[in-house]
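Here's the structure, in structure tokens; my notes come after.
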Amino acid sequence: MTFVHAVYLGARTRFTHLLIDDDGMSTAEYAIGTIAAAAFGAVLYGVVTGDSIVSALTGIIDKALNTSV
């Protein structure tokens, strides 16, 4: 193996390791993920506690209770 070939293989190995190595999220990624989760939770809470959902669930329950067998 020549010196040039050895240097090439070493550089390729280091470059491949840099591309594959992913130890986890950085602080900025955690912050963005946390904000996105909080926003999703707020939207979901708004939908579930909205009048349309409460009315729909009440209607379903009333219909089920008033059904004659």
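FYI, side chains are in, hydrogens and waters are out, and symmetry mates aren't considered; it's all heavy atoms of this structure. Values in this document were obtained by computation on a predicted structure and should not be read as measured data.
Remark: Leu57 engages Ile53 in a side chain to side chain contact (heavy atoms under 4.5 Å, CB included) (not counting sequence neighbours).
Taking a 6.0 Å sphere around CG of Asp62, one finds it holds more than 12 heavy atoms contributed by other residues, nucleotides or ligands.
The structure places CD1 of Ile60 at 12.0 Å from CG of Leu65, a figure rounded to the nearest 0.5 Å. With rounding to the nearest 0.5 Å, the separation of OG1 in Thr49 from CG in Leu44 is 9.0 Å.
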